[in-house]
Amino acid sequence: MDSNIVASNFIEQAIIEDIKEKGLKKIVTRFPPEPNGYTHIGHAKAICIDFLTAEKFKGYTNLRMDDTNPNKESEVYVKALMEDIKWLGFKWKNLTYASDYYEFLYNCAIDLIEQGKAFVCDLSAEEVSSMRGTLTEPGKESPYRNRSIEENLKLFKEMRAGKYADGEKTLRAKIDMSHPNINMRDPVIYRILHVKHFRQGDKWCIYPMYDFAHPLSDAYEQVTHSLCSLEFEDHRPLYNWFVDNCRILPGVKPRQIEFARLNIDGTVMSKRYMHELVQKGYVDGWDDPRLPTLSGFRRKGYTPSAIREFCTRIGVAKSNSIVQPHILEACIREELNKNAVRVVAVLDPIKINITNYPANKTEKIAISNNPTIENSKKHNILFSNELYIEREDFMIEPTNKFFRLTLNGYVRLMGAYIIKCDEVVKDKDGNIDHLNCSIVYDAKEQNIKPKGTIHWLSRNEAVKIKTRKFHSLLKEGEVYESGMVDKIINPNSMEEHISFIEPFALKQKSNLQFIRNGYYIEDSRLSKKDDRVFLETVSLKDSK
RNA sequence: UGGGGUAUCGCCAAGCGGUAAGGCACAAGACUUUGACUCUUGCACGCGGUAGUUCGAAUCUACCUACCCCAGCCA
C-alpha cells in the first residue's frame with residue numbers, strides 16, 4: 001500500500017490510520033442503494049465518495065443493491081441505478097445484492113441464536129414499540145426473551161418455513177433493553193413478510209432488517225470501509241455488535257464511517273417527494289428537468305464531469321450543510337463555456353425591421369462555433385431585413401446600466417451591423433409589435449461605438465421551436481412535508497415559449513447549448529422522431 | 001431529563017499547538033463583435049461563547065450556548 005497518500009478529508013485520514021494499524025492490504029468500499037427510486041444528485045455525492053476513495057487507495061468498489069424490503073423494491077430501479085452510475089463514469093468491481101446473501105444471513109442468525117444472542121419474540125409491533133422505552137426511560141424486556149436456544153432454533157426455522165403470518169413473530173437480537181442508544185434495545189433483525197421478492201420470488205417469507213443485513217453483507221464482501229450518511233451514526237454500535245458477534249464472518253472487519261448527506265438550497269432530495277410528483281403527474285417523469293435526479297440533469301444537458309466536479313468542490317465533512325445551487329451551476333457553465341458548440345437562439349423574440357436594407361437581399365455571416373476555442377470552426381447564419389432579437393435586449397427608456405438596444409440608441413448585431421432603433425411600432429393593445437431600425441453604414445466615420453452587442457436571427461431562416469423555462473417546483477418559502485405536494489407545488493414551475501433557433505442547430509447531434517445571461521438550453525430530442533423540435537430552457541440564475 | 005453528532009467569511013470547506021488554504025457568491029478595474037468569457041485586485045486581526053493551560057490556541061482543558069439525528073416488524 002502506498003504510504004505517501006495524503007488525506008484530503010477525514011474519511012481518507014481514517015483509512016490511512018486503519019492501514020497503519022490494521023495492516024490492510026486492499027481498500028474496498030461499496031455503494032449500497034435500495035432499488036426503490038431513481039438516482040439523484042445526493043446519491044451522486046455518495047457514489048463519488050465511495051468510488052473515489054477506493055480509487056485513491058487503489059482499491060475497488062462494489063455496487064450492492066440493498067434489497068431487504070420486498071415491499072418497495074423493483075427491477076426497474078436496479079436498471080436505472082446501474083445506468084446512472086455508468087453515466088457518471090464509475091465502474092464497480094462486483095454487482096451484488098443483499099438478497100444474494102439471504103442464506104448466509106440466515107446462517108448468521110442461527111449462529112446468534114446458538115450463542116444465546118438472539119431470540120424469537122411473539123410481541124406485536126405495537127407491543128414492541130410500547131416496551132421499547134423512550135429517549136430518556138429504559139425499555140422493558142420481552143417476556144419471550146429467555147426462551148431456550150432449542151426453542152428459538154425451532155421457532156426461527158418455523159418462521160422461515162412459513163408457519164406464521166406476517167407480524168406474528170420476529171427474531172430479535174438480545175442486547176440491552178436499558179441501553180441509552182435505542183438501537184441497541186433488542187432490535188428486530190428478521191420480520192415475516194409473505195411478499196414476493198423481485199429477485200427471490202417466493203423463496204423467502206422472512207426478511208432481514210437493514211441493521212442486520214448491512215454490516216454482515218459488508219463483512220461477507222470483505223468491504224473494509226462502509227461509508228454512509230450521518231443519520232446512521234447511532235447505528236454504528238449495532239453495526240459493530242453484529243460484526244463482533246457473528247462467528248462465521250470471514251477476514252477483516254469492516255468499519256462504518258459517516259458523512260453529511262447533500263442538501264441543495266431550494267431542492268427537495270427525498271425519494272418520497274419525487275415519487276409523489278411523478279405519480280400525481282406534476283412532472284413528466286423521473287427525468288423531468290425540474291427534478292434533481294441524474295436523469296433529469298442528463299436531460300437538461302448536464303455532463304457527468306460537471307456533476308463529478310460539483311461533488312469534489314463541495315467536499316466531504318460531517319457538518320449538516322446546505323449548498324447553494326450556484327456551485328453546481330458554476331460547474332456546468334464552466335464546462336459548457338469551454339466545450340459546447342454554440343448556436344444562436346432567440347428565446348423570447350420581438351421582430352425588428354431594417355428599413356435601409358434591401359428586402360430581397362441576404363448575406364452570410366460567419367460566427368464561431370465557440371469563441372473560447374482558438375481557431376474554432378465557424379458556421380454561417382443569414383442576415384436580412386427582417387430579424388428577431390431577444391425581447392430583453394430592448395428597452396424604450398434605458399435604465400442606468402442597460403447597454404443594449406434602446407429607442408434612438410445604437411447596438412451592434414453580433415457578427416453584423418451596428419443599428420439604430422428609430423421607431424417603436426405598437427399594436428392596438430399598446431404592446432410592441434415590431435421595431436423599425438436602420439443600419440448605420442458609416443459608424444466608423446461617425447465614430448459610433450456601441451457598448452452592447454446582441455444576438456439576432458433572420459426571420460426567413462429561423463426555425464420555430466417550442467422551449468420551456470423551468471422554475472422551482474416549490475412555491476417560494478414553502479417547505480416540503482410528506483403528503484404536502486398538492487399544497488406546495490408552484491403552478492408556474494414551467495413556462496412554455498415559442499422561440500427560434502438557427503438551422504445549424506438541427507444538424508448538431510447532441511448537447512446544443514446557448515449561453516447568455518445564465519440561460520441554458522438543451523436539445524436532447526432535437527433530432528428525434530416526428531420532426532418535432534423541442535427545446536427545454538432553464539435559467540440557471542432562477543433555478544432556485 | 002437519555003444517547004449520538006456538528007459549530008471556521010453570504011454558501012461550501014481546509015486547518016490537527018507556531019500566528020486563518022481554496023472554491024462559489026459578491027465588489028472594483030482591464031479586455032471584449034453577446035457588459036458573456038478571460039485577466040487583475042479586494043473580500044474572517046477572526047475561527048459559537050466564557051474561562052483556563054502555554055512563550056504562543058481555530059487547534060489542548062473546563063464550563064456554557066445553538067443547531068441536527070435517534071423511540072419503523074423502512075433504509
Side-chain angles (χ1 to χ4, degrees), chain A residues 8-10 13 32-34 36 66-69 71-73 98 121 123-126 128-139 166-172 178-185 187-193 206-207 209-211 213-214 228-237 258 260 262-263 265 271 309-310 312-331 333-334 337-338 342 344 365 367-368 370-372 390 393 401-404 411-418 449-456 514-519:
Chain A
S8 57
N9 61 50
F10 74 100
Q13 214 163 63
E34 184 186 17
N36 69 342
D66 221 346
D67 54 349
T68 55
N69 183 353
N71 281 320
K72 292 186 177 177
E73 298 144 5
C121 184
L123 257 25
S124 70
E126 297 71 41
V128 169
S129 174
S130 70
M131 293 175 76
R132 189 161 12 235
T134 67
L135 296 177
T136 53
E137 297 158 21
D166 289 7
E168 199 176 331
K169 283 180 168 44
T170 56
L171 183 70
R172 296 224 261 159
S178 56
H179 198 108
N181 180 341
I182 291 177
N183 292 307
M184 301 296 272
R185 318 238 260 232
V188 169
I189 58 181
Y190 265 94
R191 76 286 213 185
I192 299 171
L193 250 31
I206 56 171
Y207 291 92
M209 300 288 288
Y210 165 87
D211 280 321
H214 205 89
C228 63
S229 47
L230 244 31
E231 66 265 32
F232 293 104
E233 278 177 317
D234 288 342
H235 297 242
R236 192 178 346 115
E258 311 84 8
L262 174 65
N263 295 295
D265 199 13
K271 282 189 204 166
E309 175 62 21
F310 169 70
T312 76
R313 283 191 194 182
I314 58 176
V316 189
K318 293 189 77 167
S319 64
N320 285 308
S321 53
I322 302 173
V323 309
Q324 297 175 330
H326 300 127
I327 301 180
L328 214 203
E329 290 158 6
C331 292
R333 221 183 299 125
E334 228 169 73
N337 181 49
K338 279 187 226 156
R342 297 195 197 175
V344 177
I365 305 290
I367 57 173
S368 172
N370 187 322
T372 70
E390 205 74 65
D393 284 345
K401 283 211 168 182
F402 187 82
F403 298 106
R404 287 162 278 165
V411 80
R412 187 190 300 277
L413 294 179
M414 183 175 68
Y417 300 96
I418 290 169
K449 291 178 186 164
K451 284 188 170 177
T453 303
I454 63 174
H455 60 276
W456 52 272
F514 171 78
I515 305 171
R516 178 193 163 76
N517 293 343
Y519 273 93

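Within every chain, numbering begins at 1; the chains are lettered A, B, ... in the order of the sequence lines, protein sequences first and strands thereafter.
- If you take atom C1' in A57(B) and the same atom in U50(B), they sit 15 Å apart, rounded to whole Å.
- Listed candidates were G2(B), A14(B), C24(B). Nearest to the side chain of Q324(A) is C24(B).
- I322(A) comes within 4.0 angstrom of the backbone, heavy atoms only, and of no base.
- Applying the Watson-Crick and G-U wobble criteria (two distances, each under 3.5 Å), G10(B) pairs with C24(B).
- Nucleotide C16(B) forms a pair with no other nucleotide shown, judged by Watson-Crick or G-U wobble geometry with both contacts under 3.5 Å.
- The partner of U33(B) cannot be assigned: no Watson-Crick or G-U wobble pair with both contacts below 3.5 Å exists in any strand.
- Between C70(B) and C37(B), the two C1' atoms lie 49 Å apart (nearest whole Å).
- If you take OG1 on T68(A) and CG on D211(A), they are separated by 9.5 Å, rounding to the nearest 0.5 Å.
- Comparing the P positions of U6(B) and A13(B) gives a spacing of 13 Å, expressed to the nearest Å.
- In summary, R236(A) and E258(A) engage in a salt bridge, as defined by a charged side-chain N under 4.0 Å from a carboxylate O.
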For nucleotides 69-75 of chain B, give me one character per nucleotide, 5' to 3': B if any protein heavy atom sits under 4.0 Å from the base, S if the only such contacts are to the sugar-phosphate, - if neither. BBBSBBB
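- The shortest distance between the side-chain N/O atoms of S321(A) and the OP1/OP2 oxygens of A13(B) is below 4.0 Å.
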Let's go through V411(A) and W456(A) carefully: what are the C-alpha distance in whole Å and the side-chain angles of both, what is the deciding distance for side chain to side chain contact (heavy atoms under 4.5 Å, CB included) to 0.1 Å, and is it a yes or a no? CA-CA 12 Å; V411(A) 80; W456(A) 52 272; over 6 Å; no
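- At a threshold of 4.0 Å, the pair E390(A)-R404(A) does not count as salt-bridged, since none of the basic side-chain nitrogens sits closer than that to a carboxylate oxygen.
- Between T453(A) and A36(B), a side-chain N or O to OP1/OP2 separation shorter than 4.0 Å is absent.
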